Amino acid sequence: MPSKMVSANFLGVFLLMEFIAGGYRFGADGLSMNYYIFNCPLVEPIVRSTVASALQSDPTLAAALVRMHFHDCWIQFQSGGPVYDIPKGRKDGRRSKIEDTINLPFPTFNASELIGVFGQRGFSAQDMVALSGAHTLGVSRCSSFKSRLSDPVDPTMDSDFSKTLARTCRGGDNAEQPFDMTRNNFDSFYFQALQRKAGVLFSDQTLYNHPKTRAIVNNYAMNQAMFFLDFQQAMVKMSLLDVKEGSKGEVRADCRKVN
């Protein structure tokens with residue numbers, strides 16, 4: 001797919017967020033859709049233009065941006081910036097430790113475990129499935145799914161697809177496997193892959209196998225617009241997780257380390 005098409009498709013998902021949440025203030029102190037309107041009114045068009053240009057040069061950046069947003073909000077340590085139209089003004093945390101990543105969902109989690117860990121953060125099963133749809137972008141490394149290929153091979157996988165994963169892993173733990181056939185395109189193909197028993201991670205395929213989430217997967221596979229809308233709303237909800245207020249947060253001079 002041409003890079004301009006990738007960029008337009010990806011950015012289009014987030015432009016609709018302005019319709020959903022534009023102009024609203026949120027419960028977390030200091031967060032607002034119009035946070036920069038007086039002190040830096042051009043920041044949003046500058047960032048949007050920069051991201052669009054970067055996506056045209058490297059379409060794989062789309063997956064990295066979505067992942068950054070998820071990790072920043074879930075682990076609590078750093079603001080991902082106004083890439084999506086989300087409430088602005090989120091401060092960076094004063095802690096940045098590798099051990100905090102233990103709280104992230106593991107690729108070996110089953111649907112019940114995913115529902116539980118997301119539920120602890122205030123997300124419904126539908127929110128969780130919608131957010132999992134971010135795997136419509138990007139790739140997974142063999143180290144994250146090779147356990148499914150051990151004897152016996154995970155029976156929830158299509159046999160031909162298990163052979164595809166095995167071929168990928170011949171390249172070593174860092175060998176990459178796209179989550180679906182359109183790795184740089186934000187679409188519903190991820191959910192269609194789950195219907196074919198071609199989910200890359202165990203935590204992907206389990207969404208189709210569990211009775212509480214299978215219908216959601218089927219709906220998103222059939223109705224891409226529904227997936228887009230639910231994903232947008234879940235991402236806005238994610239942006240409100242663990243907001244650092246007052247002295248609990250900071251604006252980092254160097255985003256790679258605390259001040």
Side-chain angles (χ1 to χ4, degrees), residues 60 62-64 66-67 70-71 74-75 98 101-121 123-224 226-227 230-231 234 238:
T60 65
V66 176
R67 189 181 303 112
F70 176 79
H71 285 200
W74 195 275
I75 299 176
I98 187 64
T101 61
I102 193 68
N103 295 319
L104 287 170
F106 287 99
T108 55
F109 276 10
N110 62 38
S112 295
E113 290 172 314
L114 290 170
I115 290 171
V117 74
F118 275 83
Q120 291 173 1
R121 299 290 185 125
F123 293 95
S124 67
Q126 182 162 312
D127 291 332
M128 181 270 291
V129 176
L131 289 170
S132 296
H135 282 177
T136 187
L137 297 169
V139 300
S140 176
R141 289 187 172 90
C142 172
S143 57
S144 295
F145 59 77
K146 67 179 181 180
S147 62
R148 304 183 71 197
L149 304 173
S150 302
D151 190 22
V153 174
D154 183 351
T156 67
M157 276 193 297
D158 173 77
S159 59
D160 287 337
F161 186 66
S162 68
K163 295 174 184 176
T164 296
L165 295 187
R167 285 194 295 271
T168 296
C169 284
R170 291 173 190 165
D173 281 356
N174 288 325
E176 296 178 342
Q177 174 68 38
F179 284 109
D180 66 29
M181 66 182 68
T182 57
R183 59 177 286 181
N184 296 325
N185 193 19
F186 199 96
D187 52 35
S188 61
F189 282 15
Y190 164 79
F191 297 105
Q192 295 172 22
L194 302 188
Q195 291 178 316
R196 299 192 305 273
K197 299 183 179 181
V200 175
L201 304 178
F202 179 81
S203 58
D204 292 322
Q205 193 58 53
T206 188
L207 302 179
Y208 186 69
N209 300 333
H210 197 282
K212 287 188 177 180
T213 52
R214 184 168 186 160
I216 304 171
V217 169
N218 286 335
N219 286 338
Y220 290 161
M222 179 177 61
N223 190 334
Q224 183 168 276
M226 177 188 294
F227 163 50
D230 288 350
F231 178 81
M238 170 98 45

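Not measured: the values here are computed from a predicted model. FYI, side chains are in, hydrogens and waters are out, and symmetry mates aren't considered; it's all heavy atoms of this structure.
- Listed by first and then second residue, the side-chain hydrogen bond (donor to acceptor under 3.5 Å, both in side chains) pairs involving residues 104-117 are S112-H210 (not counting sequence neighbours).
- Within the 4.5 Å cutoff, the side chain of V153 has heavy atoms near those of the M157 side chain.
- The shortest side-chain heavy-atom distance between M128 and S132 falls under the 4.5 Å cut-off.
- Contacts of T168 classified as side-chain contact (heavy atoms from CB on, under 4.5 Å), with partners at least two apart in sequence or in another chain: F145, A175, Q177.
- Nearest heavy atom pair, residue L114 against residue S203, reads CD1-O, 3.6 Å.
- When all heavy atoms of A193 and Q205 are compared, the closest pair comes out as O-OE1, 4.5 Å.
- Side-chain atoms of K197 and T156, non-hydrogen and from C-beta on, never get closer than 4.5 Å to each other.
- C142 and G172 get closest at one heavy-atom pair: CB-O, 3.4 Å.
- Side-chain contact check for F118 versus D127: every heavy-atom pair is 4.5 Å or farther apart.
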Candidate pair R167 and T164, rule side chain to side chain donor-acceptor pair (under 3.5 Å), full reasoning: CA-CA 5 Å; R167 285 194 295 271; T164 296; 3.2 Å; yes

Verdict with supporting geometry, Q126 and D230, side chain to side chain donor-acceptor pair (under 3.5 Å): CA-CA 8 Å; Q126 182 162 312; D230 288 350; 3.0 Å; yes

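- Checked by atom type, the side-chain pair T206/N209 shows no donor-acceptor distance below 3.5 Å.
- Partners of R214 under the side chain to side chain donor-acceptor pair (under 3.5 Å) rule, at least two apart in sequence or in another chain, are Y208.
- Between R141 and D173, no side-chain nitrogen of the basic residue sits less than 4.0 Å from a carboxylate oxygen of the acidic one, so the salt-bridge criterion is not met.
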CA sep, side-chain torsions, deciding dist, call: K212, I115, side-chain contact (heavy atoms from CB on, under 4.5 Å): CA-CA 9 Å; K212 287 188 177 180; I115 290 171; 4.2 Å; yes

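- The six-membered or imidazole ring of Y190 lies away from that of Y220, with a centre-to-centre distance of 6.0 Å or more.
- Within the 4.5 Å cutoff, side-chain heavy atoms of F161 are placed close to those of V200.
- The two residues V217 and L207 make their nearest non-hydrogen contact at CG2-O, 3.7 Å.
- Neither side chain, Q224 nor D187, offers a donor N or O lying under 3.5 Å from an acceptor on the other.
- Using cut-offs of 30° and 60° for the angle between ring planes, the F191 and F227 rings count as perpendicular.
- By the 4.5 Å heavy-atom criterion applied to side chains, F179 and V139 are not counted as neighbours.
- L149 places a side-chain heavy atom less than 4.5 Å from the side chain of L165.
- Among all heavy-atom pairs drawn from R183 and P178, the shortest one is CB-CB, 4.0 Å.
- For the residue pair Q195/N218, the side-chain donor-acceptor check at 3.5 Å is satisfied.
- Among all heavy-atom pairs drawn from L194 and G199, the shortest one is CD2-CA, 3.6 Å.
- Residues L201 and S144 form a side-chain contact, since some pair of their non-hydrogen atoms from C-beta on lies under 4.5 Å apart.
- Note that the OG1 atom of T136 and the CZ atom of F231 stand 9.5 Å from one another [nearest 0.5 Å].
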